[in-house]
Structure formats: structure tokens, C-alpha cells
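As C-alpha cells, the structure follows; a few thoughts come after it.
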2 protein chains.
Amino acid sequence: MNVFINLDFESKEPIYTQLMHQIIEGIARQELKPGEALPSVRSLAADIGINLHTVNKAYQQLKQEGFILIHRQKGVVVNPDGIPQADEAYMELLKSKLRPLVAESICRGVNADEFIEVTTNLYRDLNKKEEI
Amino acid sequence: MNVFINLDFESKEPIYTQLMHQIIEGIARQELKPGEALPSVRSLAADIGINLHTVNKAYQQLKQEGFILIHRQKGVVVNPDGIPQADEAYMELLKSKLRPLVAESICRGVNADEFIEVTTNLYRDLNKKEEI
DNA sequence: CTAACTGTTATATTATCAATATAACAGTTA
DNA sequence: TAACTGTTATATTGATAATATAACAGTTAG
């Protein structure tokens, strides 16, 4: 029930964004499974020592992107139907985010194979289920 | 001398960041070569219709990251010694930026091969030199 | 020498966003 | 009834992005 949340308060990346990423990573790792309940905005906020609205902001955005469902007077749940699959729009978005990373890497002499190796390692790491 | 600058003023991405990316992309494409002069902060700002300080902010950051050199009373130049090659720190940074992209892609059913294909296409596109 | 150009610095203002703090509302459930 | 859900409203603080002027200190072309 309790997710492993690791926030860096010194980072310039907003807290609500970091929170989104952690939850998405949890889903990717299948530590969070479809239908599974997430902590309430208040309890999660209290747990990690931040404001309720910051958690709410992350939840609202995750909802809008199809990762979670929010039942008005019940609670928050990982989308039971699974996450909406990638469409053309997502692939374009992905490409636009990847573009500056590739450009800088080319400048710095990182060739495609090295770049792909980093990607492959991440795919491997993030596919590990909860190893008991 | 004049770079193809394409800014999206509606984007939530800061202008100075977009500007940095465009210049880095120009260097990757070898449209901007080591030693080549860049427009002055004032002329570039006037060209694309933004403030001089916004251009300066982009230049300062590009300088700090080793992409350009700034001669106090001369001008701005693409680093004649080439761009500092990737070290361990850069690879870690790259990994941390790639991580959320991979996580979301896994959730959305984009497998490693599809992800790599996008990367490969970007490497191909960004390596095209100025085709005359 | 003057005029026009370089980057740099300083100061100020406006707008937006991130994060916090309280507080209340409307349903659910134990 | 009491404790819990998400939601909404309002306000404040701090940081950042972008703009606007203005001036300074060197360089260089006419």
C-alpha cells in the first residue's frame, strides 16, 4: 500500500512532478498494479511531509493522463483497465522530449550505440518486479 | 551566420531554454562549426523579437556547459576546441532525464525496440549536415 | 577622435508557477 | 456521530521568466 517515495527537495524539478514520476515508475515496475489503491492525498502528504495540495496536483495530472482513477468520495486507484496505450500523439511527445537529449549527446560524442545501451539498461531496471 | 531559430512562444518551455536547444541542435547538425561566430546578444534578440537578456541567459548557460566561448569585447563563438566530451557525470545526468521517459513508455506499452527506433531516427536526422 | 559596436552589470516591473496554510463543503463509511 | 474521502476557495510566500531602461568598459571601423 505504501509506495517508496524518494523526493529531492533541493532539485529544481517541482515536487509534484517528482511525485508523478515515482508513481509512474511504480506502475512500470508493477509494484503498483491496476486496481490497487493509492494513499489519500492527506495521508500521503503527511507521510512525506508536504502539503495536501501538492499531492492533489500530482494526482489530478496523473488522472488526466489516464494513470489513475479518482472516485469522488472513495479514493484513488491505479487505472483498473490498465494505462492508455501509446498513440501517435504520445510518440510525437516522446520524440520531442528525446530530441534535445540526442542533440546534446551527439555534441558530446555519445554515439547511438552508447545512448541505446543506457536506454536498454533502464528498460531492464524498470521492468524488475518486486523481487521478494 | 544567421541560425535557423524556431521558437514557440505558447510553449511552457522557457524561451531561453528553447534557444539553447536550437543552438545545440545546430552544433550537432554541424550547421554551426567550431570557431564559428554567433550573433551578438543584441542582434539575435532583435532578429527573433525577444529581449537581450533572454539571449544573454541562454548564452551564459551555453558557455558554462562548454558549448561556446564569450570574448568580453569581441563576440560569441562556438567552442573552437569542440564540445567537452561526455564524462561519467553527463552520462548520469542523461540517465536521470531518460528514466521518466522510459518509465512512462513501459506503462504505455512501448517496448524497448520501438523506443530505440525513435532514438535511432533522431540520431539519423540530427546528423544530417547542411544539404546543399 | 568619434561613432558604433561588443558583453556586462544594475535596477525595476510584470506575470506565472510552485508550495504552503487554513478553511470549509459534500458525500461515505465504521 | 465521528472520521474519513476528494474538492473547492482564498491567500501568501518565494522563485523564475521575461521585459524594459540605462549605464559602463573596452574594440574597432570610418
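In this text, all values refer to a predicted model and were calculated from it rather than measured experimentally. Every chain is numbered from 1 and lettered A, B, ... according to where its sequence line falls, protein lines coming before strand lines.
DNA chain C contains the following stems of three or more consecutive Watson-Crick or G-U pairs, with both distances under 3.5 Å: C:1-5 with D:26-30, C:7-30 with D:1-24.
Closest to the Asn51(B) side chain, of the nucleotides dT20(C), dT19(D), dT8(C), is dT19(D).
Glu104(B) contributes no side-chain N or O that, together with a main-chain N or O of Ile24(A), makes up a donor-acceptor pair within less than 3.5 Å. The main-chain N or O of Leu19(B) is never found under 3.5 Å from a side-chain atom of Gln22(B) such that the two would form a donor-acceptor pair.
For the atom pair Arg124(B) CZ and Leu122(B) CG, the distance stands at 9.0 Å (nearest 0.5 Å). Once rounded to the nearest 0.5 Å, the distance linking OG of Ser105(A) with CG of Leu126(B) reads 10.5 Å. The distance from atom CG of Leu32(B) to atom CD1 of Ile27(B), rounded to the nearest 0.5 Å, is 6.0 Å.
What separates CD of Gln18(A) from C1' of dC17(C) is a distance of 16 Å, to the nearest Å. For the pair Leu7(A) CG and dT20(C) P, the computed distance is 10 Å after rounding to whole Å. In this structure, Leu69(B) atom CG and dT8(C) atom P are separated by 12 Å, rounded to whole Å. With rounding to whole Å, Leu19(B) atom CG is found 13 Å from dA18(D) atom C1'. Here dA26(C) presents its C1' atom at 18 Å from NE2 of His71(A), a figure rounded to the nearest Å. Summarising the geometry, the separation between CG on Leu44(B) and P on dG7(C) is reported as 10 Å, rounded to the nearest angstrom. One interatomic measurement links the two molecules: CZ of Phe9(A) to P of dA18(C), which rounds to 16 Å at whole-angstrom precision. Rounded to whole Å, the distance from NZ on Lys12(A) to P on dC17(C) is 17 Å.
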Review item, side-chain donor-acceptor pairs of residues 92-99 of chain A, under 3.5 Å, at least two apart:
| from | atom 1 | to | atom 2 | distance (Å) |
| --- | --- | --- | --- | --- |
| Ser96(A) | OG | Leu93(A) | O | 2.8 |
| Arg99(A) | NE | Glu25(B) | OE1 | 3.1 |
| Arg99(A) | NE | Glu25(B) | OE2 | 3.4 |
| Arg99(A) | NH2 | Glu25(B) | OE2 | 3.2 |

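Within 3.5 Å, no donor on the side chain of Arg42(B) pairs with an acceptor on the base of dT21(D), nor the reverse.
Both Leu101(A) and Tyr90(A) belong to a single network of hydrophobic side chains, linked directly or stepwise wherever heavy atoms of I, L, V, M, F, W or Y lie under 4.5 Å apart. At a threshold of 4.5 Å between side-chain heavy atoms, the hydrophobic network of Ile, Leu, Val, Met, Phe, Trp and Tyr places Val77(B) and Leu62(B) in two separate groups. In the hydrophobic clustering of this structure, Ile116(A) does not group with Met91(B); members are Ile, Leu, Val, Met, Phe, Trp, Tyr whose side-chain heavy atoms approach within less than 4.5 Å, directly or through other members.
Taking Phe115(B) as the reference, Tyr123(A) meet the ring-ring contact (aromatic ring centres under 6.0 Å, His included) condition, with sequence neighbours excluded. Residues satisfying the side-chain hydrogen bond (donor to acceptor under 3.5 Å, both in side chains) criterion with Ser40(A), sequence neighbours excluded, are Ser43(A).
Here Ser40(B) reaches the OP1 or OP2 of dT6(C): one of its side-chain N or O atoms lies under 4.0 Å away. Residue Thr54(A) places none of its side-chain N or O atoms closer than 4.0 Å to OP1 or OP2 of dA18(C).
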Protein-nucleotides 9-11 of chain C N/O pairs closer than 3.5 Å?
| from | atom 1 | to | atom 2 | distance (Å) |
| --- | --- | --- | --- | --- |
| dT9(C) | O4 | His53(B) | NE2 | 3.2 |
| dA10(C) | N6 | His53(B) | NE2 | 2.8 |

Under a 4.0 Å heavy-atom criterion, the protein footprint on nucleotides 12-17 of chain D, written with B, S and -, is -----S

For side chain to side chain contact (heavy atoms under 4.5 Å, CB included), just list the numbers for Ile70(A) and Gln60(A), CA-CA rounded to whole Å, side-chain angles, deciding distance to a tenth of an Å, and then say yes or no. CA-CA 8 Å; Ile70(A) 306 181; Gln60(A) 287 300 329; 4.0 Å; yes

